[in-house]
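Here the structure comes first, spelled out in C-alpha cells, and everything after it is commentary.
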There are 4 protein chains.
Amino acid sequence: MSIKPGDLILFYIDSKRKFIQRIEPGKILGTDRGVIRHDDVIGRRLGEQISTSRGFKAYLLKPLPVDFLSAMRRVTQVIYPKDVSLMVYLAGVSEGAKVLEGGVGTGHVTAVLAYLVGEKGRVFAVDVDEAKLKKAMENLDKLGLMNRVVFIRKDIREWSGERDFDAAILDVPDPWNSIRVIHESLKPSSPLLAFLPTINQVEKTVAGMKGLFTDIHVYETLVREYLVLQDGTRPSPRMIGHTGFIVFGRKII
Amino acid sequence: MSIKPGDLILFYIDSKRKFIQRIEPGKILGTDRGVIRHDDVIGRRLGEQISTSRGFKAYLLKPLPVDFLSAMRRVTQVIYPKDVSLMVYLAGVSEGAKVLEGGVGTGHVTAVLAYLVGEKGRVFAVDVDEAKLKKAMENLDKLGLMNRVVFIRKDIREWSGERDFDAAILDVPDPWNSIRVIHESLKPSSPLLAFLPTINQVEKTVAGMKGLFTDIHVYETLVREYLVLQDGTRPSPRMIGHTGFIVFGRKII
Amino acid sequence: MSIKPGDLILFYIDSKRKFIQRIEPGKILGTDRGVIRHDDVIGRRLGEQISTSRGFKAYLLKPLPVDFLSAMRRVTQVIYPKDVSLMVYLAGVSEGAKVLEGGVGTGHVTAVLAYLVGEKGRVFAVDVDEAKLKKAMENLDKLGLMNRVVFIRKDIREWSGERDFDAAILDVPDPWNSIRVIHESLKPSSPLLAFLPTINQVEKTVAGMKGLFTDIHVYETLVREYLVLQDGTRPSPRMIGHTGFIVFGRKII
Amino acid sequence: MSIKPGDLILFYIDSKRKFIQRIEPGKILGTDRGVIRHDDVIGRRLGEQISTSRGFKAYLLKPLPVDFLSAMRRVTQVIYPKDVSLMVYLAGVSEGAKVLEGGVGTGHVTAVLAYLVGEKGRVFAVDVDEAKLKKAMENLDKLGLMNRVVFIRKDIREWSGERDFDAAILDVPDPWNSIRVIHESLKPSSPLLAFLPTINQVEKTVAGMKGLFTDIHVYETLVREYLVLQDGTRPSPRMIGHTGFIVFGRKII
C-alpha cells in the first residue's frame, strides 16, 4: 500500500516536530529542519524514512489521535492527551456513539471524539464563539473528520433540540449552568464529563450534579515521561503540571 | 426503553460496590448490602434507583469500560483504568481495528479493546497459559464481547499467522523477546504498546525496539482522585502508587 | 563508644519494625519478631547487629528525626516526615531558635522542632486539649527532648505572653482565627507555617494572611519510594496520597 | 531592631525576584524592577516595605535557607529545596553536627548544612574541581557561613583524614566508588545520603551499600505548588519534573 494523493500523513522528525498534511502533488512541507516535497512522498510506503532538504530524517506515518494537536492551530488553551485519554475512556466513547460537546476550544477533543465515534457516530460540537467554531472546523477538516461532526453555534446553557446523547463533554467555565439541559439531553445512565481548571469550579459543578447524576468522581491526571538514554534512565526533568480536573457522573432519573 | 431479560446491567451501590450482571428472570444479585432480585429490575428504566433487601439504594446503569473490572474474577495483577485508558488512546484503537494482544491476564484489556474495535473489529488475544485464557473468556462472555475476540493459546514470542494488525498491546514479562514477531505482524506505522512493572524491563524493551520502531516513548500515569465533601475539598488520602510503565512506539520499515 | 544504660537506641529490624527505647538493665523489648534483652545490648556498639529470641536480626542504631514516629503512641492523625521535613526547612528552624507550635497533636512535629532548636532553643507547644498535651509530653520524654519544650495548655487563638518567635507552626483546623495573635507573636520577617487537609482551609488561611504576611505560598509534597529488588527496580506500588497542604508566609509590618 | 550595615538582608519583590545582600553604605541593589539604595534601607526594620526607583515594592526580610539559591551564582545543576529539605531531614543534621559533603556543586547544599550545624558544627566540603570550590566559597561567604565550612580540594573517592562524621552527603556521579571511604569516615549508625539523577546510578549505589549500610531507602520528591487566586484555586500549571533520586542508608559495622 503505497502513499498516494489524498492520504493523510504524519511527517515525524522528532517528538517536537510532527506535521500532519494531506498529500497533494506539488505541495511542500516546510520545517525548521528543511522541506519535504509531497511529490517525493507519493509512491513511498508508510513507515518509510525520507530526508528533508537539509538532510534530517522524517518518518512517514499514519496519524493517531495522539498526533492530532500537531495538526491544529490553537486558538485557546487545549486539553492535553493525558486528559483527553481519560475523559473519552470514562465516557466510553466508541463506534456509533452520539456525543454532545459543549465548548469546542481548538477542536482537539472534537477530533478525538470524531475519531472514536466512527462512521456512523456523531459529535454535536456546540460553542457560542463563532471564531472558535470556525477554527475547530478548519482543524477537523484537515484531519478529514468533518463528516462526523455537527458544528452548532449556540450557548450550551441554552441547549435544546437533539437529545438522547450517549455522553456529554463540557469544556466551559461554568458547567453548573448547563447541568439541567445536559441532564435532559443525555440518555438515562449516560455519562457527563467536565474539564475544569480550578477547585472552585469543581465544587460548584459537583454540587450542581447532586441528585441528577450518580457515581460522581473528580480526577486529576499526571503523566510522567521517562527518558531511556545512553547515560541512564530517569523520569523527564520536564513535567506538565496542573492542567485541569476531570469531573465525571452518570445521569440518574 | 425499559430493562428486559438479556440486558447487561451495572448495579451501582457505591464506588466499591459495582456489580455487572446480565438480567435473567429468577436470578438474584447478592451483596453485603443486601440482595436484589432481577425480577424486580425487569421493566424498570436505566438510571432508576432500586432498593436492596437491606434498604440500600442501587442505581441501574449501563456498564462502561471503567466498570469492566467489576465484572471480572481476577487471576492475576490487572492493568488499571488509569493505564488502560492511556494505552488504548495511544494505540488509537477504534471502530474496525484489528488488534493483537500478547498476554491476556484477566481479560481486562481484552474487554476494553473489544469494546473499542466495535462490531467489525477483532482482537486476537494470545496467551500461553490456558487457565488465564479460560478465565479471560469467561470474563469477556459475561460482558457480551466474546464475538469480537479470537482467543489463541500460543506463546506470543512464537506468533505467526495473522498479520497486518493496526496495533499490538503486550502485557508479558519479556516483550523484548517478541519484538521481531510483533514488528512483522503489524501494519507499517502501526503502534506497539507494552506495559511493564520495572525500569529494567523498560530499558530492555526500548533497546529491542530501536531500529524497528520510531517515536518511542515511555510513560507512567498517576491519577489523583479529589474528594468534594461536606467538610471540604481535598485530594484523596488514598492513591494508587506505581503500577507499571507504558512503552510506546510505531513500526518503521 | 559502647552502648550503656540511659542511651536512646533505635532497634531496627526492618522498615516496619523500628523501636526506640532507652537502655535500662533488666528491660526487654518485645516484638512480633521475638524479644531483645537490654542486658544483651549493653556493651555493644552502635551499628552492630543483634539477634532477637526468634533469630531475627536487629541493628542497634542512633535514632534520627525520621524515626521519631516509631517512638510515639498516636492520639490523632500525625504529620508525616514528607511534610515535616519541608515545613521545618521552610521555617529555617535551627540552633537556638524559639518556635511557637499551635496544636501539638501527637507531638511528632514538636519532637522534630525540639531536635532542631538544640540545647539553647525552645519550643512553645500550645494545645487546648489536655489529653493531647499529656501524650505529647510522654512522647517527648521518651525521646529525651522534654527540656527543650514548654508545654502550655491554652487555645492558640487566645495566645498571649511569650513573643518574638523565630517561627510559628500551626496544626489546627482554623488557623485563620489565630493569624492576628500569631502575627503579633512573631519577630518581624519570621515565617508562619500551617498544615491543612482541605483546600477550603487553605483559601481561608491565605485570605487571612494577606496584608500581614508576604511571600505566601502553598505546597503539597508527594514522596515516591523506589524499590531496588532482585527482579528489578520500580517505584513502590504503595504511595501516600494526600495528607495536607503546607501554607507558608513571612510576617510583614 | 533596625537594619544596620553588615546585616544580611533578603530583598523580596516577588517569588522570582529575591535578592540577598549584605547591607553596606553606598551600595545599590539593581533589579529589572528598579534599584534600591542600601542607604535607604539602613535604619528600617525587618518586615518593612520599601519602594524601588521604579515604584515597585520590596520587603526587607531575614534570609532563610529556602532563599539561599537566590544569593548564588550557579556553576552547575543545583539540588533544589524540595530535595535538600528531605535530605537534611533524613540526615538529622542539627546543632553541633560534623558533616562530610562530597561534591559541593554550587554550594547550595553546603550552605544549608552550614546553617543547620550551627556555630559549633562543621561541614567538610570536598570537591575535586577547584573552580567549583571557589564559587561555592564565594557563595558561602555572601551568606556569612564560611566559618562553619572547611573547604577541601580532593577527590572524595580518596577521602582520608577527618573521620567520625555524623552524616555524609554525596552529590557526585559515582557514589559507589566512594562508599568504602565514606563508610570508614562515618560514625557507626550515621547516615549516608546520595543524590542521583538516574535509576542506574541508584542501582549501583544501592548495590554498593549492601552489607555496609542498613535501612537503605530510595526516594523521589515531588512538590506541587497551589495558586490561590482571585479567579480560583488550583495546583500550579508549572511543576518541577524529575531532579534526582535520594538514596539513604545507615552505617552498620
Side-chain angles (χ1 to χ4, degrees), chain B residues 15-16 69 74 76-84 86 103 105 108 170-177 194-208 218-247, chain C residues 15-16 69 74 76-84 86 103 105 108 170-177 194-208 218-247:
Chain B
S15 293
K16 285 177 186 156
L69 269 180
R74 307 188 185 186
T76 177
Q77 184 62 34
V78 298
I79 302 186
Y80 285 108
K82 76 179 183 74
D83 297 310
V84 175
L86 186 60
H108 181 222
L170 291 179
D171 179 19
V172 294
D174 61 341
W176 52 90
N177 287 323
F195 185 76
L196 296 161
T198 76
I199 281 280
N200 316 79
Q201 290 169 304
V202 166
E203 288 178 332
K204 289 173 93 163
T205 303
V206 167
V218 181
Y219 302 104
E220 185 190 10
T221 67
L222 293 167
V223 172
R224 307 194 81 188
E225 186 169 354
Y226 283 70
L227 307 177
V228 181
L229 302 173
Q230 199 62 26
D231 67 338
T233 301
R234 72 188 86 183
S236 172
R238 258 177 283 188
M239 181 170 174
I240 300 174
H242 178 69
T243 51
F245 300 102
I246 295 168
V247 179
Chain C
S15 294
K16 285 177 186 155
L69 269 180
R74 308 189 184 185
T76 177
Q77 184 61 34
V78 298
I79 301 186
Y80 286 108
K82 76 179 184 74
D83 297 310
V84 176
L86 186 61
H108 181 223
L170 292 179
D171 179 20
V172 294
D174 61 340
W176 52 90
N177 287 324
F195 185 76
L196 296 161
T198 75
I199 281 279
N200 317 79
Q201 290 169 304
V202 166
E203 288 178 331
K204 288 174 93 163
T205 303
V206 167
V218 182
Y219 302 103
E220 185 190 11
T221 67
L222 293 167
V223 172
R224 306 193 82 188
E225 186 168 355
Y226 282 70
L227 308 177
V228 181
L229 302 173
Q230 198 62 26
D231 67 338
T233 301
R234 73 188 86 184
S236 172
R238 257 177 284 187
M239 181 170 175
I240 300 173
H242 178 70
T243 51
F245 301 101
I246 295 169
V247 178

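By convention in this document, chain letters (A, B, ...) are assigned in the order of the sequence lines, proteins followed by strands, and residues within each chain are numbered from 1.
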Which donor-acceptor pairs fall under 3.5 Å between chain C and chain B:
| unit_1 | atom_1 | unit_2 | atom_2 | d |
| --- | --- | --- | --- | --- |
| C:I199 | N | B:T233 | O | 2.8 |
| C:N200 | OD1 | B:T233 | N | 2.7 |
| C:E220 | OE1 | B:R224 | NH1 | 2.7 |
| C:E220 | OE2 | B:R224 | NH1 | 3.2 |
| C:E220 | OE2 | B:R224 | NH2 | 2.6 |
| C:R224 | NH1 | B:E220 | OE1 | 2.7 |
| C:R224 | NH1 | B:E220 | OE2 | 3.2 |
| C:R224 | NH2 | B:E220 | OE2 | 2.6 |
| C:T233 | N | B:N200 | OD1 | 2.7 |
| C:T233 | O | B:I199 | N | 2.8 |
| C:S236 | O | B:H242 | N | 3.0 |
| C:P237 | O | B:G241 | N | 3.1 |
| C:G241 | N | B:P237 | O | 3.1 |
| C:H242 | N | B:S236 | O | 3.0 |

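- The heavy-atom pair separating B:P81 from B:L69 by the smallest distance is CD-CD1, 4.0 Å.
- In this structure, the portion of C:L222 lying under 4.5 Å from any heavy atom of chain B is its side chain and not its backbone.
- Chosen from C:G232, C:P235, C:G241, C:G244, the residue pairing most often with chain B at heavy-atom distances under 4.5 Å is C:P235.
- Of all the heavy atoms in B:P175 and B:L170, the pair that sits closest is CB-CD1, 3.8 Å.
- None of B:I199, B:L196, B:V247 except one satisfies the side chain to side chain contact (heavy atoms under 4.5 Å, CB included) rule with B:V218; the exception is B:V247.
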